[in-house]
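Everything numeric here is computed off the predicted structure, so don't read it as measured data. The figures that follow rest on heavy atoms only: side chains count, while hydrogens, waters and symmetry mates do not. Residue numbers start at 1 and run along the sequence shown.
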Amino acid sequence: SLDDAWKAGRSSSLSLGVSYELDIWGKLEATNNVALASLRISEYDKEALKLSLIAGLITSYFQYSALNERMVIAHQNLENARQLLRIVEARYEEGSVSALDVSSQRSTLLSQELSFRNLESNRELLRHTLALLSGKKPEYFKVKSPSFEKVVLPQIDAGIPSEILFNRPDIASARAQ
């Protein structure tokens, strides 16, 4: 019959395999424990990296703020050097100072300008660093920088237990290793 021919031509197989291994010496349990320890180490390392990035961001932010304050002072020094050069040049025209005094003041002014430009360059570099650490594009990144007078440092009480060190991810990672 056609039905018998069709059944004879069709083949199918079903296989089921089961295997097991006796863990007489604890090898499988030890392998599992090593894998779990490696996972914990990776998690601690991830947390340590996260803290490191946050510390880098904070450090760069305070450096940026400090540079802003230095630039205010450098700008004042630059303006003072320009005014002093005008005074020295006027006194030179009157004959009360030498050409060496004028040249010396011009050199001081150029030095002040160079110092100011270096501070600007360093501040721009820190702005780019802050942008990258924040995950932003440097071209559009703006930094609001308060003065150091508004910064409040946390108070750390004496007598903090040394066990708090075990909460640090780098120490926890070393312990897990």
Exercise for review: Take E47 and L51 through the test side chain to side chain contact (heavy atoms under 4.5 Å, CB included) and record every step on the way to the result.
Suggested key: CA-CA 6 Å; E47 288 301 311; L51 286 176; 5.7 Å; no
Exercise for review: Check the pair R82, E79 against salt bridge (charged side-chain N to carboxylate O under 4.0 Å, His left out), reporting the backbone distance first and the verdict last.
Suggested key: CA-CA 5 Å; R82 284 184 182 133; E79 288 304 313; 2.7 Å; yes
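Between the side chain of T108 and the main chain of S104, a donor-acceptor pair closer than 3.5 Å is present. Side-chain atoms of S115 never come within 3.5 Å of backbone atoms of S111 as a donor-acceptor pair (strictly under, hydrogens ignored).
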Give every donor-acceptor pair under 3.5 Å between a side-chain atom in residues 127-134 and any protein atom, sequence neighbours left out.
residue, atom, partner, partner atom, Å
R127, NE, E124, OE1, 3.2
R127, NE, E124, OE2, 3.4
R127, NH1, P138, O, 2.5
R127, NH1, F141, O, 2.7
R127, NH2, E124, OE2, 2.6
R127, NH2, P138, O, 3.2
H128, NE2, E124, OE2, 3.3
T129, OG1, L125, O, 3.0
S134, OG, L130, O, 2.8

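Note: L84 CG to Q105 CD = 4.0 Å, rounded to the nearest 0.5 Å. Taken to the nearest 0.5 Å, the OG atom of S42 stands 12.0 Å off from the CG atom of L49. The structure places OG1 of T59 at 11.5 Å from CD1 of I54, a figure rounded to the nearest 0.5 Å. Taking CD from Q112 and OG from S107, the interatomic distance works out to 10.5 Å, rounded to the nearest 0.5 Å. With rounding to the nearest 0.5 Å, the separation of CZ in R70 from CG in N122 is 7.5 Å. With values rounded to the nearest 0.5 angstrom, S121 atom OG is found 12.0 Å from F116 atom CZ.
The shortest non-hydrogen separation linking V143 to Y61 is CG1-CE1, 3.9 Å. Among all heavy-atom pairs drawn from L85 and V102, the shortest one is CD1-O, 4.0 Å.
A salt bridge is absent between R123 and E120: the closest approach of a Lys/Arg side-chain nitrogen to an acidic carboxylate oxygen does not fall below 4.0 angstrom.
There is no path of hydrophobic side-chain contacts, each under 4.5 Å, that joins L53 to Y44.
Between L109 and L78 there is a side-chain heavy-atom pair separated by less than 4.5 Å. Between I73 and E69 there is no side-chain heavy-atom pair separated by less than 4.5 Å.
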